[in-house]
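Quick notes on the structure that follows.
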Protein chains: 2
Amino acid sequence: MKKTLVKRDEEGSRLVLSEAQEDYLKQIFILGEGRQKVGTQALAHRLEVRPASVTEMVGRLAQLGLVVHARYRGVSLTESGRRVALEMLRHHRLLETFLVEMLGYGWDQVHEEAERLEHVISERFEARIAEAMGHPTRDPHGDPIPTADLSMPPEATPMSLAELPAGESGTLARVGAQDRENLDLLGRLGLAPGSSIEVIAAEGTALRVRAGGESFLLPGFLAERLWMEDE
Amino acid sequence: MKKTLVKRDEEGSRLVLSEAQEDYLKQIFILGEGRQKVGTQALAHRLEVRPASVTEMVGRLAQLGLVVHARYRGVSLTESGRRVALEMLRHHRLLETFLVEMLGYGWDQVHEEAERLEHVISERFEARIAEAMGHPTRDPHGDPIPTADLSMPPEATPMSLAELPAGESGTLARVGAQDRENLDLLGRLGLAPGSSIEVIAAEGTALRVRAGGESFLLPGFLAERLWMEDE
DNA sequence: GTTAATTTTTAGGTTAGCCTAAAAATTGTA
DNA sequence: TACAATTTTTAGGCTAACCTAAAAATTAAC
């Protein structure tokens with residue numbers, strides 16, 4: 001009844017990480033955009049644990065050679081750590097795509113499911129769904145899917161809806177929010193990747209926009225997480 | 001970053017079980033064939049833990065009202081416990097079927113994958129794959145899949161290959177073994193659910209049989225786990 | 001450049017799930 | 001029915017991953 005999925009790193013040595021450890025590495029990657037140092041507090045916030053727990057776990061990951069930790073200065077990933085993070089990100093995004101394309105989920109219903117599945121699928125599962133979907137390069141939120149050899153497809157630096165000048169419009173390319181609350185709001189407003197949105201004007205901290213023939217107010221922090229491309 | 005899948009029992013009260021607990025309940029179900037008492041040792045063997053660990057966990061499950069434990073006398077499932085076990089069995093067998101039918105796995109490559117996935121898929125996932133496959137009633141090993149309302153389809157009491165008299169033949173209906181070693185052996189011999197097998201004679205503890213035009217020797221303990229039906 | 005605010009770490013504690021070794025209960029046997 | 005063998009439980013430990021509260025380091029503000 002042992003069930004832990006054993007992964008191998010590039011040198012072929014056995015790497016057995018807990019799901020918690022995989023989550024830490026993934027969040028360090030996301031917060032540090034792959035390369036930068038990440039603070040204990042930011043990480044604690046993302047992982048919904050206390051800073052003290054982060055310090056402890058980061059120490060363990062450092063011993064495993066997955067992160068570099070300069071006390072009081074932040075953590076960053078080593079090459080092996082980066083690979084684990086990218087593997088998780090690839091699993092997550094492939095799974096989201098799979099849930100939408102093959103199992104008929106809504107694009108805003110896939111995050112939590114992928115979050116649990118990403119830690120337990122095998123290389124075979126990963127390869128089969130990737131193949132079945134024709135090796136997709138974007139997930140349903142518009143995020144790029146790392147390739148099988150774990151490189152991240154390069155992207156044009158994107159512009160958020162919040163930065164778009166009043167009067168201009170664009171197409172929603174990526175939704176950088178996965179929490180229930182914001183996804184539900186987008187759903188109610190009829191916004192999804194591919195939607196065309198026009199900025200009318202800033203109203204205080206919020207933004208008045210038009211989409212799908214209707215105009216409405218969008219909270220500023222959400223507008224900052226909607227990445228646009230030209231039409 | 002809390003990720004535990006929350007399930008609800010029939011009264012609607014929150015039921016949050018660990019994967020370990022789900023495994024215990026599933027094995028108690030399998031060993032006790034749904035109703036009988038199961039000994040500490042047998043359970044420990046199946047779960048690959050020590051008897052002392054079983055005693056401890058069984059105590060916890062009893063407190064949760066999922067099993068009844070008479071000290072020194074064995075454990076059995078309560079109705080809630082039975083439902084959890086059937087839910088896991090349904091997940092497991094649906095997943096195995098899904099992996100074979102939709103992702104092109106071999107029937108002998110699905111067990112370990114299903115073993116990990118069964119604990120983390122949502123009700124939605126379960127419903128979607130069941131629907132996509134037309135609500136199958138048997139998994140790739142020939143085992144019955146519990147229905148969505150968690151009842152186990154009744155079955156004719158089966159006869160094992162070991163019980164089949166010499167000279168007679170039948171069709172392999174169910175393979176009651178999921179370990180790598182035995183599955184690989186069956187694979188090498190070209191045996192799979194649906195194969196026609198003729199018993200030639202007992203040779204000591206083993207059994208000489210003919211299938212696919214070839215004759216070979218099958219270990220007795222394996223023959224006891226191959227369930228046959230008439231041709 | 002001190003001092004105050006913030007961030008990070010340390011110290012000490014908890015729980016689940018496992019373990020080994022020893023004690024207790026049950027079962028099998030003469 | 002007594003004694004031996006087996007099974008089960010108890011007692012005491014360990015580790016991973018969390019926690020709170022207090023101490024230490026860094027950063028920001030005057």
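Just so it is clear, the structure is predicted and the values come from calculations on it, not from any experiment. We name chains A, B, ... by the order of the sequence lines, and we start the count at 1 in each one. Just so you know, these numbers use all the heavy atoms, side chains as well, and skip hydrogens, waters and symmetry mates.
- To the nearest angstrom, P of C:dC18 lies 11 Å from CD of B:E19.
- One atom, CD of A:E48, and another, P of D:dC18, lie 11 Å apart when rounded to the nearest Å.
- When all heavy atoms of A:A85 and A:L77 are compared, the closest pair comes out as CB-CD1, 4.1 Å.
- Taking every side-chain heavy atom of B:A20 into account, C:dC18 is the closest of D:dA16, C:dC18, D:dC18.
- Of the candidate nucleotides C:dC19, C:dT9, D:dT9, C:dT9 has the atom lying nearest to any side-chain atom of A:A52.
- B:S53 has no side-chain polar atom (N or O) that falls below the 4.0 Å cut-off from OP1 or OP2 of C:dG17.
- Here the P atom of nucleotide C:dT10 and the CZ atom of A:R50 are 19 Å apart, to the nearest Å.
- Proximity note for B:Q41 (side chain, C-beta onward) versus D:dT7, C:dT8, D:dC18: the nearest is D:dT7.
- Nucleic acid contact for A:R73: sugar-phosphate only, since backbone atoms but no base atoms lie under 4.0 Å from a heavy atom of the residue.
- Residue A:T55 has its side chain nearest to C:dT10 when only C:dT10, D:dA11, C:dA16 are considered.
- Taking the six-membered ring for Trp, A:H92 and A:H111 have ring centres closer than 6.0 Å.
- Here the C1' atom of nucleotide C:dG28 and the OH atom of B:Y72 are 18 Å apart, to the nearest Å.
- Between the CZ atom of B:R71 and the C1' atom of C:dA23 there is a distance of 12 Å, given to the nearest Å.
- Ring geometry, B:F98 versus B:F125: the interplanar angle exceeds 60°, so the pair is classed perpendicular (tilted spans 30 to 60°).
- Taking 4.0 angstrom as the limit, B:S18 places none of its side-chain polar atoms (N or O) nearer than this to OP1 or OP2 of C:dA16.
- There is no side-chain donor-acceptor pair under 3.5 Å between A:E56 and A:S53.
- If you take CD of B:E22 and P of C:dA16, they are 16 Å apart, rounded to a whole angstrom.
- Using a 4.0 Å heavy-atom distance criterion, A:T40 is classed as a sugar-phosphate-only contact.
- Distances shown here put every side-chain N or O of B:Y24 at or beyond 4.0 Å from the OP1 or OP2 atom of C:dA16.
- No hydrogens or angles considered: nothing links the side chains of A:H141 and A:D108 as a donor-acceptor pair under 3.5 Å.
- Taking atom CG of A:L61 as the reference point, atom P of D:dC18 lies 11 Å away to the nearest angstrom.
- Residue whose closest nucleotide on DNA chain C sits further toward the 5' end, between A:H69 and A:E56: A:H69.
- Counting to the nearest Å, the P atom of D:dA16 and the CG atom of A:L17 are 13 Å from each other.
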